[in-house]
Amino acid sequence: MAEEQRDPREVRGAGGGTRGVRAEEVDAWGELVDTARRTVTDGLVVGTSGNVSVRVGDTVLVTPSGVPYDRLAPGDVTGVDLEGRQVLGTLVPTSELPMHLAVYRSTDARAVVHTHAVHATAVSTLVPELPTIHYMTSALGGPVRVAPYATYGTDELAENMLHALADRSACLLQNHGTIAYGASLSQAFDRTAQLEWMCHLWLTARAVPGLTPHLLTEEQLAEVGERLRGYGQRA
Ligand SMILES: [Zn+2]
């Protein structure tokens, strides 16, 4: 099944890739497009300002640069190898490819979501780390760091991001946005939504005049981390 080849003529722009699209990649692409659209409908992304990727074997399917998600079609499958060489499609991959590839090369991530979500981006301009305002901090591996600013699309930004992601599944990018990864597109999406929600929460709490939000201690977060490891449905 994994090796099943589609007729390349079914795949718009397949001439630019080096091979046909496999059945599992067609499915993963559908899921990727759904996730990308959800970042817009859930208010995490405006226009084409974010990007989404999913790893299938050693191929990374990724949203193309500058194409509105509602116009992405099944035949627009865009894929690169872990070195960034295009193997599927002719549309130009997202300019944030270096960040996505850096995550796949250094973690066990199967999916990555990057957004310019407004509250998260606001927080990225204020602090070097999101204050521990909520116990869901532990669900992202601990206090969420802010990667120092670098120009979008550069290796420098990817490097700053990797440092901020150490032992975490998400981080903020200074004056830029969010990045989160997971074992699936839905997990990477959910982590992004949780991060944006926590940033919104902290901004809301700290905006109350004359009062300072209570923050959780390292010990309190560690205890939650233990609990979360046993949380939810078995996969
Ligand atoms: Zn961006």
Side-chain angles (χ1 to χ4, degrees), residues 32-55 60-72 76 78-80 82 84 86 89 91-107 109-130 140 144-166 168-182 185-200 203:
L32 177 147
V33 170
D34 288 347
T35 304
R37 288 177 181 162
R38 218 178 137 200
T39 63
V40 176
T41 54
D42 285 17
L44 299 168
V45 162
V46 174
T48 59
S49 63
N51 31 76
V52 176
S53 67
V54 61
R55 180 173 179 172
V60 176
L61 306 184
V62 62
T63 44
S65 185
V67 182
Y69 299 146
D70 56 3
R71 280 181 38 209
L72 282 179
D76 289 332
T78 305
V80 299
L82 290 169
Q86 190 152 5
L91 294 172
V92 177
T94 169
S95 52
E96 295 295 9
L97 198 56
M99 281 204 296
H100 289 257
L101 294 178
V103 173
Y104 292 115
R105 286 196 293 251
S106 1
T107 72
R110 306 309 292 183
V112 175
V113 172
H114 164 60
T115 77
H116 297 175
V118 65
H119 300 96
T121 308
V123 169
S124 82
T125 68
L126 298 170
V127 286
E129 188 176 273
L130 173 62
L140 302 175
V144 178
R145 305 183 192 100
V146 180
Y149 182 80
T151 307
Y152 82 92
T154 60
D155 290 336
E156 187 190 356
L157 177 59
E159 204 170 301
N160 293 352
M161 171 209 69
L162 273 189
H163 284 293
L165 274 180
R168 306 285 186 269
S169 54
C171 73
L172 299 176
L173 308 167
Q174 192 176 38
N175 297 85
H176 185 160
T178 69
I179 193 154
Y181 68 87
L185 280 162
S186 62
Q187 189 176 48
F189 177 89
D190 288 343
R191 285 172 171 169
T192 303
Q194 283 291 350
L195 176 55
E196 166 65 359
W197 175 82
M198 275 199 294
C199 288
H200 192 181
L203 290 172

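Start at 1 with the first residue, then count along the sequence. When a ligand or atom number is given, it counts from 1 through the structure's own listing order.
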>> Taking 2.8 Å as the limit, list every protein N, O or S atom around the Zn ion (ligand 1), by chain and residue number.
In response: H114 NE2, H116 NE2, H176 NE2
> Quick one: which of L72, N51, T94 gives a side chain to side chain contact (heavy atoms under 4.5 Å, CB included) with P64?
Replying inline: L72
> Can you name the residues that form a side-chain contact (heavy atoms from CB on, under 4.5 Å) with L82, not counting sequence neighbours?
Replying inline: R55, D58, V60, Y104
>> Once side-chain contact (heavy atoms from CB on, under 4.5 Å) is applied, do any residues pair with P68, and if so which ones, sequence neighbours excluded?
In response: T48, D70, R71
> Can you tell me if H116 and H176 form a side-chain donor-acceptor pair at under 3.5 Å?
Replying inline: yes
> Side-chain donor-acceptor pair under 3.5 Å between T178 and T115, yes or no?
Replying inline: yes
> Taking only residues two or more places apart in sequence or in another chain, which ones pass side-chain contact (heavy atoms from CB on, under 4.5 Å) with L162?
Replying inline: A102, S106
